[in-house]
Amino acid sequence: MKLAGKVAIVSGSGRGIGAAIATKLASEGARVVVNDIDEGPAGETVRAIEAAGGAAAACPGDVTEPAFAERFVNTALERFGGLDIIVNNAGYAWDAVIQKMTDEQWYAMLDVHATAPFRILRAATEPLRRLAKQEKDAGHVVSRKVVNVTSIAGLYGNAGQVAYAAGKAAVIGVTRALAKEWGRYNVNVNAVAFGYIRTRMTQPMGAEAAVAHVGAREVKMGVQPDMLAFMERMIPLGRGGTPEEAAGAVYLFCIPEADYVSGQVLLASGGFVM
Ligand SMILES: NC(=O)c1ccc[n+]([C@@H]2O[C@H](COP(=O)([O-])OP(=O)(O)OC[C@H]3O[C@@H](n4cnc5c(N)ncnc54)[C@H](O)[C@@H]3O)[C@@H](O)[C@H]2O)c1
């Protein structure tokens with residue numbers, strides 16, 4: 001129970017990597033606010049955590065809505081009386097080669113991967129400053145954690161993903177700048193860059209491709225099967241990762257042993273580097 005007494009918020013935790021992160025943090029004693037744009041899956045993650053003896057609360061909603069960030073942060077403060085761990089995970093890929101990429105696609109990718117984490121972190125500033133001051137006045141130090149989810153596409157680029165890669169690179173900039181800004185509040189700010197993790201987002205694309213509903217639009221999920229086969233050949237461990245393995249990398253940044261690690265990007269890619 002390395003996270004006993006901690007309160008965490010995890011965006012996009014209705015399914016995939018986010019659900020595994022929320023479940024892992026809860027299994028280590030954190031009380032978790034579960035967010036997803038899809039209310040049903042968010043409720044399922046909450047019920048799974050509770051069934052395992054943990055504590056969780058749902059905060060459904062679209063992270064790109066301007067008013068969302070305050071509601072997300074306030075849910076943690078009001079339901080669980082604190083805020084110790086912030087995981088910006090919500091996201092999806094809406095891909096095209098540059099000549100076919102619309103302004104709407106471009107801004108959607110920047111909104112979900114960079115603007116939404118920025119707003120959530122901005123909304124958390126005042127409570128985190130207040131808590132750090134109270135603790136300093138009381139003579140003790142509490143380390144808090146931010147983990148932003150990025151991608152190998154954000155670090156190295158990927159064909160067909162100009163907008164996604166830009167959004168994922170932007171959140172690395174947010175991570176490094178905020179690590180410098182929030183050191184004075186004892187907040188560690190890091191990022192995890194995933195390679196190929198087997199989720200809805202990376203399922204083999206076919207006739208029955210899953211569709212994500214984002215606002216009024218439908219975005220097809222998935223990756224071409226030959227691309228998935230190529231990626232598996234290139235990964236030293238020889239396979240895509242599971243959501244639980246992905247969550248493990250995020251967890252490493254949340255534990256007390258990482259209290260002196262900040263401003264870093266950890267690659268969780270089965271050894272794959274470009
Ligand atoms: N799967 C991979 O190989 C991979 C690789 C690199 C990075 N990532 C990143 O990991 C994160 C999680 O992806 P995943 O693979 O678990 O995908 P997923 O589709 O299984 O899960 C993502 C979840 O985020 C939610 N979501 C999407 N947009 C949202 C919004 N605007 N507001 C609130 N919730 C929203 C979805 O409803 C979904 O439940 C994403 O940021 C993704 O870009 C994934």
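It should be emphasised that the depicted structure is a prediction, and the values quoted were computed from it without experimental measurement. Both counts, for ligands and for their atoms, begin at 1 and track the order of listing.
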For residues 256-263, which side-chain N or O atoms pair as donor and acceptor with protein atoms under 3.5 Å away, sequence neighbours left out?
{"residue": "Glu257", "atom": "OE1", "partner": "Lys2", "partner atom": "NZ", "Å": "3.2"}
{"residue": "Glu257", "atom": "OE2", "partner": "Lys2", "partner atom": "NZ", "Å": "2.3"}
{"residue": "Asp259", "atom": "OD1", "partner": "Lys145", "partner atom": "NZ", "Å": "2.5"}
{"residue": "Ser262", "atom": "OG", "partner": "Val189", "partner atom": "N", "Å": "3.0"}

Quiz prompt | Carboxylate-amine/guanidinium contact Arg239 Glu245, below 4.0 Å | solution =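 Yes, Arg239 and Glu245 are salt-bridged.
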Quiz item: Are Glu104 and Arg217 within salt-bridge range, i.e. N to O under 4.0 Å?
Solution: yes
When you look for heavy atoms under 4.0 Å from ligand 1, do you find them on the side chain of [X], its backbone, both, or neither?
| X | answer |
| --- | --- |
| Asn35 | side chain |
| Arg198 | neither |
| Lys168 | side chain |
| Val112 | side chain |
| Asn89 | both |
| Thr202 | side chain |

Would [X] count as a polar contact of ligand 1, with the cut-off being nitrogen or oxygen pairs under 3.5 Å?
| X | answer |
| --- | --- |
| Gly14 | no |
| Met221 | no |
| Ile37 | yes |
| Arg200 | yes |
| Thr150 | no |

Practice problem: Would you kindly say whether Asp95 and Gln161 are connected by a side-chain donor-acceptor distance under 3.5 Å? | Solution: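 Yes - a donor-acceptor pair under 3.5 Å links their side chains.
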Quiz item: Are a donor atom and an acceptor atom from the side chains of Asn148 and Thr175 found within less than 3.5 Å of each other?
Solution: yes
Quiz item: For Gly195, is the nearest heavy atom under 4.0 Å from an atom of ligand 1?
Solution: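 So Gly195 counts as touching ligand 1.
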Quiz item: So is Ala246 close enough to ligand 1, meaning a heavy atom under 4.0 angstrom away?
Solution: no
Heavy atom of the protein closest to [atom] (residue, atom name, distance):
| atom | value |
| --- | --- |
| atom 22 (C) of ligand 1 | Gly91 O, 3.8 Å |
| atom 32 (N) of ligand 1 | Val63 N, 3.0 Å |
| atom 31 (N) of ligand 1 | Asp62 OD1, 2.8 Å |
| atom 16 (O) of ligand 1 | Ile17 N, 2.8 Å |
| atom 23 (C) of ligand 1 | Gly12 O, 3.5 Å |
| atom 1 (N) of ligand 1 | Ile197 O, 3.0 Å |
| atom 15 (O) of ligand 1 | Thr199 OG1, 2.6 Å |
| atom 25 (C) of ligand 1 | Asp36 OD2, 3.4 Å |

Quiz item: Sub-3.5 Å donor-acceptor pair from the side chain of Asn89 to the main-chain atoms of Gly12, do we have one?
Solution: yes
Quiz item: Given His213, Arg15, Met201, which one has a non-hydrogen atom that is nearest to atom 38 (C) of ligand 1?
Solution: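 The option holding the nearest heavy atom is Arg15.
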Self-check item: Nearest-option assignment for atom 8 (N) of ligand 1, heavy atoms, candidates Tyr92, Phe68, Tyr164, Phe72
Solution: Tyr164
May I ask you to test the [X]-[Y] pair for a side-chain heavy-atom distance under 4.5 Å?
| X | Y | result |
| --- | --- | --- |
| Val46 | Val32 | no |
| Asn88 | Leu121 | yes |
| Leu131 | Arg144 | yes |

Quiz prompt | Interatomic distance, Asp226 atom CG to Phe230 atom CZ [nearest 0.5 angstrom] | solution = 10.5 Å
Taking 4.0 angstrom as the limit and counting only heavy atoms of [X], give me the atoms of ligand 1 inside it, by number and element.
| X | answer |
| --- | --- |
| Gly61 | 32 (N), 33 (C) |
| Phe194 | 5 (C), 6 (C), 7 (C) |
| Tyr196 | 3 (O) |
| Gly16 | 16 (O), 20 (O) |
| Asp38 | 37 (O) |

Quiz prompt | Test side chain to side chain contact (heavy atoms under 4.5 Å, CB included) applied to Met221 - qualifying residues, sequence neighbours left out | solution =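 Only Tyr92, Arg200, Gln203, Ala210, Ala212, Val219 meet the side chain to side chain contact (heavy atoms under 4.5 Å, CB included) criterion with Met221.
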Self-check item: Hydrophobic cluster identity match, Phe194 and Val174, side-chain contacts under 4.5 Å
Solution: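 Each belongs to a different hydrophobic cluster.
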